[in-house]
Amino acid sequence: MVDLGSGVYAYLHSDNGWGHSNAGIVVGNGSSLLVDTQYTLPMTRALIAAMDDVGIPPVAAVVNTHANGDHCWGNELFPDAEVIASAATAESMPHDFPPALMKALLSDERQSTAAGRYTRLHFSAFDFSDITVTVPTRSFTGSLDLDVGGRAVELLEVGPAHSEGDVIVHVADAGVVLAGDILFADHPVMWAGPLENWIAACDRILETGATRIVPGHGPVVGPEGVTAFRGYLEHINRGIADGFQRGLPYWQTAAELPLGPHEHLALPERLVATTAAAYRHLGAPPVPPPEILERMAVAFFDAPARQLMASHD
Ligand SMILES: [Zn+2]
């Protein structure tokens, strides 16, 4: 738990990988706003304990920045709070890689596939037991102004980008943006897109003038961190368009994409999913999610050079 000053906290993980998502807390007079829960019930209980340790007042509202489980599967542990998300997030939440699917992927009979081995490697530490996906009680489109114990907090819908309904949370009086998965420390994964929307979302963060931005995964950064990430998105956007024009399949474009200054980032296999989503916007037919996962896993196990570099981060 990191105190950002001005009554805003960031709950961060040292592991930037799959499933370890940051949360944010905005403290008002007698009540607070929680931005994103955690992937599992034990992880969310640990978040609640950390909030209690620093004396956070009762959570009156939870904002889910998007529908991925690592940002919302702890919702049920806040039964007295309003749960707020964009309408697109509220719609997609029940279908987004449900907990039962995660458990099935982790089951023994799936270990013969690359996807099964990949899932085991990256997700077996998570306990998906007893999760009841708990959907928002309030949704909006565009923007929503909230009063958090006398403080103005602005929710801005910037998706579809990382997901169908991404929202960023602007706490103007603290100069903070809680960016959800609009910002990653390592390779991001794009499920929705297009990349142009994601680049515009970065501009939206920069336009707020915030000095501290909390990503969905990774450490708190200043505006220069957003600018660098925006540069990454522009870089891969050019590379993906080039591969598409050359008629390469999406997984080959992802594998051969020159990364230049972004070569050191971890989880490069995520480029497979991002490229598949970007190809769809360029006119290619959609790829079924199980195929994307398998291709991503194959890229991981077939790319020891990139992985070895990334694992030293
Ligand atoms: Zn995430």
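Read the numbers this way: they start at 1 and go in the same order the structure lists the ligands and their atoms. Quick note: numbers below take in every heavy atom, side chains included, and nothing from hydrogens, waters or symmetry partners.
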V153: which of V8, V176, V26, V63 passes side chain to side chain contact (heavy atoms under 4.5 Å, CB included): V26
Do any of the N/O/S atoms of H66, backbone or side chain, fall under 2.8 Å from the Zn ion (ligand 1)? no
Only N/O/S atoms count here: what is the atom of D70 closest to the Zn ion (ligand 1) called? OD2
Looking at D181, which of its N, O or S atoms is the nearest one to the Zn ion (ligand 1)? OD2
Checking distances from the Zn ion (ligand 1), one finds that the N, O or S atom of H71 closest to it is NE2
More than 12 heavy atoms from other groups under 6.0 Å of CG on D147: yes
With side chain to side chain contact (heavy atoms under 4.5 Å, CB included) as the criterion, how do Y39 and W18 come out once you've worked through the C-alpha distance, each side chain's angles and the decisive distance to 0.1 Å? CA-CA 10 Å; Y39 208 2; W18 291 105; over 6 Å; no
Kindly indicate, with the supporting measurements, whether the criterion salt bridge (charged side-chain N to carboxylate O under 4.0 Å, His left out) is fulfilled by D242 and R246. CA-CA 6 Å; D242 180 60; R246 287 160 56 207; 3.2 Å; yes
